[in-house]
> 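Just dropping this structure here.
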There are 2 protein chains.
Amino acid sequence: MTAPTADDRSLPLRERKRLRTRRALTETALRLFTERGFDATTLDDLVDEAEVSRSTFFRNFPAKEAVAIEAEVELWTAYLHRLRDRKLSGPVLAELHRCLADAVTALDPGWDGRYLATRRLILTAPALLAYVDHYRTGVEDEAISCLATALRVDPDDLRLHVLARLTTTCWSVSGRDWVRRDGRGGRQALVTGLARAYRSVPESLALSATPR
Amino acid sequence: MTAPTADDRSLPLRERKRLRTRRALTETALRLFTERGFDATTLDDLVDEAEVSRSTFFRNFPAKEAVAIEAEVELWTAYLHRLRDRKLSGPVLAELHRCLADAVTALDPGWDGRYLATRRLILTAPALLAYVDHYRTGVEDEAISCLATALRVDPDDLRLHVLARLTTTCWSVSGRDWVRRDGRGGRQALVTGLARAYRSVPESLALSATPR
DNA sequence: CGGTTATGTGGGACTGAGTGTCAGATTGGA
DNA sequence: TCCAATCTGACACTCAGTCCCACATAACCG
């Protein structure tokens, strides 16, 4: 489950190079965007600093925004991966929770810092926020199709949509909280917060307004 | 609740003109995008056909995508409007449902056709889909802040996030279904489908996988 | 090992969205 | 009727993203 690193000798040379440039780009991007701002940093600045061509950039990332949210992508990729592999049994919401929590736990040690940087960046750049919103929708769709297959249910079944969105909602709220505390408590605190979020889901439907 | 039309004599002339150009732009846009495709239609094509300048376009819409999803905006604007005005009492999810259903019902008669055209367009243009995803997130955030104020609850309370997202989820599924049937059954069918969606929300949490 | 093929890279030209500015027109008010 | 506020059109500019082609380098095979 560990992501292949650029110096993994088992990979063909070409693949290793690709990973190296990818990593160079994400690192440089996070640094430049943080220092100068997302909008103020042009793609030319970035590829210049990372010493690759614009062509190469677009062969690795579909858009300027994409290189800034690698940490987000790593998380959801791991989540979907687990969801696909897992034999589901029992309440589905709990299964989704488990997949997400496991995914978070297994991410490489440097992820925390990268994710914090990414989230902070997003707070300053509307374009990034829009990009993440749409990206997560894609993740939800993937999750729905996984579930539909695994449970042998119509992909249009509302229940799947609700469950898939609940997962991103729980993440969104607990993740934001974690970032607000600057990641204090580390991975453990994040997982704990996530669990609390999932626990309070059932209360949501019961929420009632008392007219004053 | 009826949107002001371009020939409402009670409005100052300036405002009437503004509405007229807005309407010209949305109508032309929907037509051109449908005929030639969203990507294949340039902004110059559009403003040329609508007989306004590019400057005027960007004074009315923040992006090319925005002019294509006016029907979507009308819906959610009406929803949020009702949500703000309404005195909430009882189960909040039911209240949200009521706001949305009322909003749909009250929209002007031409809305059906415009919305169908918009949704079909979105199926063909990824950029539009991304734009709508992000737009709806904004609506959810607005709804959350409304609810937080009305219920005197922390805006970070997960329950509000869940409720706000459930609303867009229910809409998304029932709306897609309605569009797939080419809007057959009209507004009434849409509202009925929406009600069914809301009804099946509680079952979602209970959904359980039976290992085979 | 040497030669061939496939794949990746850099460079440059091009399109089109979105922004800023400014002079001129149009509206609202006195 | 005249003035001030506001809106419009036109133009120049930046930058993201696409396309294409010559060249290099890795992978494969005899």
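So that the names make sense, note that chain A is the first sequence line, chain B the second, and so on, each numbered from 1.
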> Starting from P on C:dG8, measure out to CD on A:Glu15 and report it in whole angstrom.
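So the two atoms are 9 Å apart, to the nearest Å.
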
> Starting at the 5' end of nucleotides 17-22 of chain D, put B wherever the base has a protein heavy atom under 4.0 Å, S where only the sugar-phosphate does, and a dash everywhere else.
BB----

> Which pairs with one or both residues in residues 39-49 of chain B pass salt bridge (charged side-chain N to carboxylate O under 4.0 Å, His left out), sequence neighbours excluded?
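Applying salt bridge (charged side-chain N to carboxylate O under 4.0 Å, His left out) to every pair that reaches into residues 39-49 of chain B, excluding sequence neighbours, yields B:Arg31-B:Glu49, B:Arg36-B:Asp45, B:Asp44-B:Arg54.
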
> How many whole angstroms separate atom CZ of A:Arg20 from atom P of C:dG8?
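It works out to 16 Å between those atoms.
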
> What is the distance, rounded to the nearest whole Å, between atom CG of B:Asp39 and atom P of D:dA16?
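B:Asp39 atom CG is separated from D:dA16 atom P by 19 Å.
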
> Side chain of B:Arg187, backbone of B:Leu107: donor and acceptor closer than 3.5 Å?
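Judged by distance alone, yes, a pair lies under 3.5 Å.
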
> Find the distance B:Arg22:CZ to D:dC7:C1' and express it as a whole number of Å.
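It works out to 16 Å between those atoms.
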
> Could you state the CG-C1' distance from B:Asn60 to C:dG18, rounded to the nearest angstrom?
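To the nearest whole Å, that distance equals 15 Å.
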
> Quickly work out the A:Tyr131 OH to D:dA16 C1' distance and round it to whole Å.
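Atom OH in A:Tyr131 sits about 13 Å away from atom C1' in D:dA16.
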
> Without swapping roles, check the side chain of A:His161 against the backbone of A:Pro155 for a donor-acceptor pair under 3.5 Å.
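Side chain of A:His161 to backbone of A:Pro155: a pair is present.
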
> With B:Arg22 as the cation and B:Phe61 as the aromatic partner, state whether NZ or CZ is under 6.0 Å from the six-membered ring centre and within 45° of the axis.
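That pair qualifies as a cation-pi contact.
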
> Round to a whole Å and report the spacing from CZ of A:Arg18 to C1' of D:dT25.
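Roughly 16 Å, once rounded to whole Å.
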
> Do we get A:Lys64 above A:Phe38's six-membered ring, with its NZ or CZ under 6.0 Å from the centre and within 45° of the axis?
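Because its charged atom sits under 6.0 Å from the ring centre and within 45° of the axis, A:Lys64 does stack over A:Phe38.
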
> Would you say B:Lys17 reaches C:dT26's phosphate, i.e. side-chain N/O to OP1/OP2 under 4.0 Å?
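No, B:Lys17 has no side-chain N/O under 4.0 Å of OP1/OP2 on C:dT26.
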
> Which whole-number value in Å describes the distance from A:Asp44 CG to D:dC13 C1'?
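To the nearest whole Å, that distance equals 15 Å.
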
> If you assign each of B:Ser53 and A:Thr42 to its closest nucleotide in DNA chain D, which residue comes earlier from the 5' end?
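Of the two residues, B:Ser53 wins.
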
> Determine whether a donor-acceptor pair (N or O, by modelled atom type, separation under 3.5 Å) exists between the side chain of B:Trp178 and the backbone of B:Ala189.
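No, B:Trp178 side chain to B:Ala189 backbone: no donor-acceptor pair under 3.5 Å.
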
